[in-house]
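Notes to accompany the following structure.
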Amino acid sequence: MEVIGDLPRELFLEILLRLPAESLMRCKYVCKYWHSLITNPKFIQLHLNYNYNNNVCVLLKRCLVTCLGQKENLLSLVCGNGFSFENLDVDLSLYRKEPCLQLLGHCDGIICLSNYRDYILLCNPATRESMVLPESCLPCYPWIRNLISQTTGLGFGYDAKSHCFKVVRIVSYWEELRGSNLPHFSRAEVYSMGTDSWKEINVTVPAHVRYSPCFETYFNGAFHWYAMDDNGNEVILSFNMGNEEFQVIPMPSFISMHDHSICRSLLVWNDCIALVIYPERGIEKSFEIFVMKEYGVKESWTNVLTIGPLTRVERPLVFWKNDEILMEGSHGQMMSYNLRNKEVKDLPIYGVPKSFSTLVYVNSLVSVKGGNQMLDQRDNTDFGW
């Protein structure tokens, strides 16, 4: 049995796998041997797998108001059964002074942030590595008068076929004098970390992305948005990161649509997408949960649960450990609701009302610059020790 110092190699590896990425970033400077081990793609994959199985947290972005009355973003991690939390020290351009910065998605320890105008950033909060994406490749059509373009959809995910992280952007174009709520047409492009470039994809965007609170969700290798089709029907628009194709997923037919007093949020629960329906306003709110038990099949939508009525609750944020749902309170406080005992807890986490966004998150060493492309999960190659 090979020994490293006074420890067997296997025990030494198990100890390192249990360390957070922040500690491993310091450990890799101990010596060349440790550096080569910790930066090995196989070790990075094993560390990621360990954290997926043991250390899943919730990443929270919220806004705080400074003593000068300015809004600043703050990232925090919520972990464990006791809902302990820690604020992350992330030094990013525009991060603190851009109050409308949106938390778009998470995959393997990397998060995507954007202001939906001219700024898209990939960041690993644990390693403090970040990268601003290059400019769009989509045309601006200067020869068409009164044409206005706007980024209406952004999504982040992982292509398991090519082992590559991707960002998809939907840009919609309106004719200023047309007077329609729907865009004249839309185009889509995909950024690939492997090539560090955008490419336009020659596909039809079959629905028009609209805003709905806490709706944008990455699941099953695809990113999902709330959208409206050309006939005015409310749908879920998804984009598959592998085949780079859009899909329209119908909403449940037995819920009241086209009611602007009702909010719709899309979450992931028990490995299914879950649609949460609740009133936009009210002292008391009830939250109906519909689960799509067979992905993409309209008939599989099932009304499985109603939460409430609850007071002081604004909206749902994320399901946590399957039996807990984190929610934003009406006065800017995070709350938790236990699905088993139906208890509501106030958590000591505060922010500007309606500024909360959350993602299920794991700590990792994965690089945002593509220096260690993820390995196939079935890869059992050794470290070469």
Side-chain angles (χ1 to χ4, degrees), residues 20-22 44-45 47-62 73-79 85-88 90 92 95 101-116 119-133 153-160 163-169 190-193 213-225 238-242 265-269 271 273-274 316-322 325-326 334 355-370 372-374:
E22 296 87 343
I44 292 172
Q45 182 70 64
H47 181 260
L48 177 66
N49 293 345
Y50 177 85
N51 283 331
Y52 265 124
N53 293 327
N54 300 278
N55 296 319
V56 177
C57 299
V58 170
L59 181 71
L60 165 68
K61 190 200 79 73
R62 55 195 158 127
N73 295 293
L74 181 64
L75 286 177
S76 305
L77 283 182
V78 183
C79 302
F85 75 98
E86 61 175 305
N87 297 327
L88 300 180
V90 181
L92 301 175
Y95 167 66
L101 202 59
Q102 300 295 312
L103 184 60
L104 295 178
H106 161 268
C107 193
D108 295 344
I110 296 177
I111 63 173
C112 185
L113 298 156
S114 177
N115 60 6
Y116 262 84
Y119 181 82
I120 304 175
L121 178 137
L122 298 180
C123 169
N124 183 327
T127 63
R128 299 187 181 183
E129 187 182 53
S130 63
M131 178 177 64
V132 177
L133 300 195
L154 284 168
F156 173 62
Y158 182 68
D159 179 0
H163 310 297
C164 183
F165 297 97
K166 292 180 178 180
V167 176
V168 58
R169 178 190 349 226
V190 173
Y191 169 85
S192 172
M193 185 183 290
C214 300
F215 200 97
E216 298 177 352
T217 299
Y218 177 68
F219 172 72
N220 200 33
F223 202 86
H224 303 77
W225 302 269
S238 72
F239 179 81
N240 187 289
M241 294 291 172
S265 294
L266 193 70
L267 309 178
V268 177
W269 185 33
D271 294 323
I273 56 173
L317 293 173
V318 64
F319 281 101
W320 175 235
K321 296 183 181 296
N322 293 330
I325 181 169
L326 299 184
M334 180 171 275
S355 72
F356 288 59
S357 57
T358 56
L359 296 168
V360 175
Y361 170 83
V362 293
N363 182 281
S364 87
L365 291 164
V366 177
S367 173
V368 303
K369 298 181 179 179
N372 42 36
Q373 290 293 310
M374 300 306 296

Mutual orientation of the aromatic rings belonging to F319 and W269 [parallel < 30°, tilted 30-60°, perpendicular > 60°]: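 Ring orientation, 0 to 90° scale: parallel.
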
Parallel, tilted or perpendicular, as decided by the 30° and 60° cut-offs, for the rings of Y158 and F165: tilted

Nearest 0.5 Å, please: how far is [atom2] in [Y] from [atom1] in [X]?
{"X": "D159", "Y": "M193", "atom1": "CG", "atom2": "CE", "result": "12.5 Å"}
{"X": "H47", "Y": "N363", "atom1": "NE2", "atom2": "CG", "result": "5.5 Å"}
{"X": "H224", "Y": "S238", "atom1": "NE2", "atom2": "OG", "result": "4.5 Å"}
{"X": "I111", "Y": "L75", "atom1": "CD1", "atom2": "CG", "result": "5.0 Å"}

Tell me, do [X] and [Y] make a side-chain contact under 4.5 Å, heavy atoms counted?
{"X": "L122", "Y": "V167", "value": "yes"}
{"X": "M334", "Y": "L60", "value": "yes"}
{"X": "F156", "Y": "I110", "value": "yes"}
{"X": "M131", "Y": "L121", "value": "no"}

Keeping the roles fixed (side chain from [X], backbone from [Y]), state whether a donor-acceptor pair exists under 3.5 Å.
{"X": "N220", "Y": "A222", "answer": "no"}
{"X": "K166", "Y": "M241", "answer": "yes"}
{"X": "H106", "Y": "C112", "answer": "no"}
{"X": "S265", "Y": "F215", "answer": "no"}
{"X": "Y52", "Y": "D108", "answer": "yes"}
{"X": "N115", "Y": "Y119", "answer": "yes"}

Residue among L359, V318, L267, L266 satisfying side-chain contact (heavy atoms from CB on, under 4.5 Å) with T217: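 Of L359, V318, L267, L266, side-chain contact (heavy atoms from CB on, under 4.5 Å) with T217 is met by L266 alone.
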
By side-chain contact (heavy atoms from CB on, under 4.5 Å) - contacts of S364 (at least two apart): L48, N124, V366

Qualifying residues under side-chain contact (heavy atoms from CB on, under 4.5 Å), relative to N55, sequence neighbours excluded: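 By the side-chain contact (heavy atoms from CB on, under 4.5 Å) rule, N55 matches Y50, N51.
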
side-chain contact (heavy atoms from CB on, under 4.5 Å) assessment of V58 paired with Y361: CA-CA 5 Å; V58 170; Y361 170 83; over 6 Å; no

Non-hydrogen atoms of C107 and Y218 that approach each other most closely: SG-CE2, 4.2 Å

Closest heavy-atom pair and its distance - E129, V368: OE1-N, 2.9 Å

Pair N73-L113, side-chain contact (heavy atoms from CB on, under 4.5 Å): steps then yes or no: CA-CA 11 Å; N73 295 293; L113 298 156; over 6 Å; no

Exceeds 12 heavy-atom contacts within 6.0 angstrom, atom CG of D271: no

Partners meeting ring pair (Phe, Tyr, Trp, His ring centres under 6.0 Å) with F223 (sequence neighbours left out): W225

Verdict with reasoning, I120 to L154, per side-chain contact (heavy atoms from CB on, under 4.5 Å): CA-CA 9 Å; I120 304 175; L154 284 168; 3.6 Å; yes

Test log, rule side-chain contact (heavy atoms from CB on, under 4.5 Å), inputs Q102 and S357: CA-CA 8 Å; Q102 300 295 312; S357 57; 5.9 Å; no

